**Student:** 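I am attaching a structure below and will ask some questions about it afterwards.
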Number of protein chains: 2
Amino acid sequence: MKKITMQDVASKAGVSKSTVSQYINNRFEFMGASTKLRVEAAIKELGYIPNQVAKSLKQKKTGTIGVIVANILHAFSTEIIRAIEDECERNGFHLFVCNADDQPEKERSYIDMLVAKQVDGLVIFPTNGNNDYYKQLKNAEFPIVFVDRMINEPIFPTLLLDNESASRIAVEQLAKKGRKKIGLVSTSIAQNVTPRIERIRGYKKALASHGLSVEEDWIVAEERQEIGKKLQNIWDTGSRPEAFFATNDLALIELLKFIKKNKLAIPEDIGVIAIDDSPFLETATTPISVIKQPTFEIGQNAAETLLKLIVSKDFKEVYEERRYPPILVERESI
Amino acid sequence: MKKITMQDVASKAGVSKSTVSQYINNRFEFMGASTKLRVEAAIKELGYIPNQVAKSLKQKKTGTIGVIVANILHAFSTEIIRAIEDECERNGFHLFVCNADDQPEKERSYIDMLVAKQVDGLVIFPTNGNNDYYKQLKNAEFPIVFVDRMINEPIFPTLLLDNESASRIAVEQLAKKGRKKIGLVSTSIAQNVTPRIERIRGYKKALASHGLSVEEDWIVAEERQEIGKKLQNIWDTGSRPEAFFATNDLALIELLKFIKKNKLAIPEDIGVIAIDDSPFLETATTPISVIKQPTFEIGQNAAETLLKLIVSKDFKEVYEERRYPPILVERESI
DNA sequence: ATGACTTACTAAACCGGTTTAGTGCAAGGA
DNA sequence: TCCTTGCACTAAACCGGTTTAGTAAGTCAT
């Protein structure tokens, strides 16, 4: 089946391509009423759908943005994407979604392809391996917004949780209940991922401000599959903390598995608090207290910021990062 | 900053656009060695990136597919998307991700826009409100694959769980432990969504084959926020089932909330089994038995099927739906 | 020396829109 | 009557690639 083009519509309506184009774009100022009707009829009859690719080529804009997340399987990423998508839909934009899997090469390859596909902008959860490339894109005035992670130079708007506050709240909650020996569980910090680094830093600061000492042995920051072993090791050989702060959902899962395996009771034997919520945490025998991120707000603002940058092209030298306050959900695990 | 075009490269290298195009597309058969080097150098020096929009326009293919899910916030959708994305990446395709929110109008509007953007194909979790439109697309030989849900006529390849088997397994597991009074919890069936309908049907069949009678009062199929009330109502006023089968994750969450509120013990007071897994279910005090879907396999096969259809354009009149066996994860909640 | 083939490359059409610069015509004013 | 102005519409260039048809120069056989 041959695709219907603007020319087909024009011929059928007995007008020129230009006139059809005017019609499609609602420029009716200088269009006769009968012409308008004829074009309208021809479009309907032929089932004409304008080719956006051709339009994009001429107009040098595609109404498309790319989102490169670390991994869409994280609820955090999913919620951000959903919020971005909603905001984009309101503005007639579409979303390419890509998973960089924390691999700078994969990230770079995606950026390359998305740029080649002429996306109007990008939302990136940046790995730290392409900072030079980001700078190039900045020089080319390519609109980008960073989410969840910072790179060393804030050359694009960056939106993320106030991680240190989140840790402070976590420690506060535990300390309030008299917990003095507070451990931390995190996924690996080998790649210097902003939230993990900041959460650990915030945790240490908070301990200090509560007059508690930092016990490096109680800080577990490993690849996911190592966490259980490391926890068991602490439990079996060292002095035991009275509570753990899990800095994200994956760390929490491993922590809960460990707690289950050792038949510990929450909060009697061990206190637990974590960053990131899940509906199942509410239904646990002891519901787990968590610190939520305002994911939808972050995602929506990221999209708003990007769309604004796309139209204004008003780039600043550097940007102050935008921090979001964490949200405490008090349950019974502390 | 002006975008570098193929013409710029051609001028710099002292050749014609055509030659640069040959170079870009690795057609070296009739290219002199020195010419090749000059073009290569010019491209590198100028940092030239070919414009895929222009290419797409001429070649009538974009290397892009659209995925329209019900709601990306469901873990099921996310996993399918992830699998599709992986398969697409291997084949140089990119993914538009859209949320139809079970609204046929929204779905239709997305299909329209994606078709206008010249996607090469679509993966859709179909609502049942655009069957006429699907048929039109079929007539136009537009490649589509359906996932998770069927429409009344199987005009495109359709991949989904063997829902009746899943229900059979669930009932079997409960019956094996002597449960005779088995209720069901589902999200609303007002929109005739395939999996929900089939799971309920399978549940009824399975009860029958175990010689158990179907108690309509024990079947809760409501909007999410109504589920709790309905369950409470059964508990307070009617005869009580000994176990519940939750047909998806949302239903399970509401069921667990209800169980918690009534301080029931799993499995002593009430048996539980559900479709769809979550890492947190493993860490519950009583780990919940579930029936998993092979989401990654479904997603990957969906992408494979679609990509094959895109290149072959070999449409059949109708398709047999492809069913995936459910995977039982036995834990302790039965 | 001539014609037939290769080899290496290019001109120009083309994809399907948008946009600019005009054109033809009728009405209105001098 | 002539000139201007406004209206309704169109021709053609353009976006940045791909692709087809063709050309020029060199090689080889005759």
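Throughout, a chain's letter reflects where its sequence line sits, starting with A, and its residues are numbered from 1. Given the structure is predicted, the values throughout are model-derived calculations rather than measurements.
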**Student:** For A:Q59 and C:dT20, what is the distance between atoms CD and P respectively, to the nearest whole Å?
**Tutor:**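 Checked: the CD to P distance equals 11 Å.
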**Student:** List every contact pair, protein side and nucleotides 21-27 of chain C side both N or O, where the distance is under 3.5 Å.
**Tutor:**
none

**Student:** Any donor-acceptor pair under 3.5 Å joining the side chain of A:T19 to the base of D:dA8?
**Tutor:**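 Side chain to base: no pair below 3.5 Å.
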**Student:** What is the distance, rounded to the nearest whole Å, between atom CD of A:Q7 and atom C1' of C:dC14?
**Tutor:**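 Taking CD of A:Q7 and C1' of C:dC14, I get 14 Å after rounding.
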**Student:** Atom NZ of B:K60 and atom P of D:dG17: how far apart are they, to the nearest Å?
**Tutor:**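 These atoms are roughly 19 Å apart.
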**Student:** Distance check, rounded to the nearest 0.5 Å: A:I144 atom CD1 versus A:L306 atom CG?
**Tutor:**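 It comes to 9.0 Å.
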**Student:** A:F28 has an atom CZ; how far is it from atom C1' of D:dC7, in whole Å?
**Tutor:**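 So the CZ-C1' distance, A:F28 to D:dC7, works out to 17 Å.
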**Student:** Between the side-chain atoms of B:K58 and the base atoms of C:dC14, is any donor-acceptor pair under 3.5 Å?
**Tutor:**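 Yes, the side chain and the base share a sub-3.5 Å donor-acceptor pair.
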**Student:** Between B:K61 and B:D120, is the closest basic N to carboxylate O distance under 4.0 Å?
**Tutor:**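 No, B:D120 and B:K61 are not salt-bridged.
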**Student:** In terms of relative ring orientation, are A:Y110 and B:H94 parallel, tilted or perpendicular, with 30° and 60° separating the classes?
**Tutor:**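 Taking B:H94 first and then A:Y110, their aromatic rings sit tilted (interplane angle of 30° to 60°).
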**Student:** Of the nucleotides D:dG17, C:dT18, D:dC15, which has the atom closest to the B:T5 side chain?
**Tutor:**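 For the B:T5 side chain, the nearest candidate turns out to be D:dG17.
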**Student:** To the nearest angstrom, how far is A:M6 atom CE from C:dC15 atom P?
**Tutor:**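 Going from CE in A:M6 over to P in C:dC15 covers 15 Å.
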**Student:** Can you tell which of D:dC9, C:dG17, D:dG16 lies closest to the side chain of A:M31?
**Tutor:**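 Out of D:dC9, C:dG17, D:dG16, the nucleotide with an atom closest to A:M31's side chain is D:dC9.
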**Student:** Could you tell me the separation between the CD1 atom of B:I65 and the CZ atom of B:F93, rounded to the nearest 0.5 Å?
**Tutor:**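 Going from the CD1 atom of B:I65 to the CZ atom of B:F93 covers 7.5 Å.
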**Student:** Ignoring hydrogens and angles, are the base of C:dG17 and the side chain of A:K17 linked by a donor-acceptor pair under 3.5 Å?
**Tutor:**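 In this structure, the two groups form a donor-acceptor pair.
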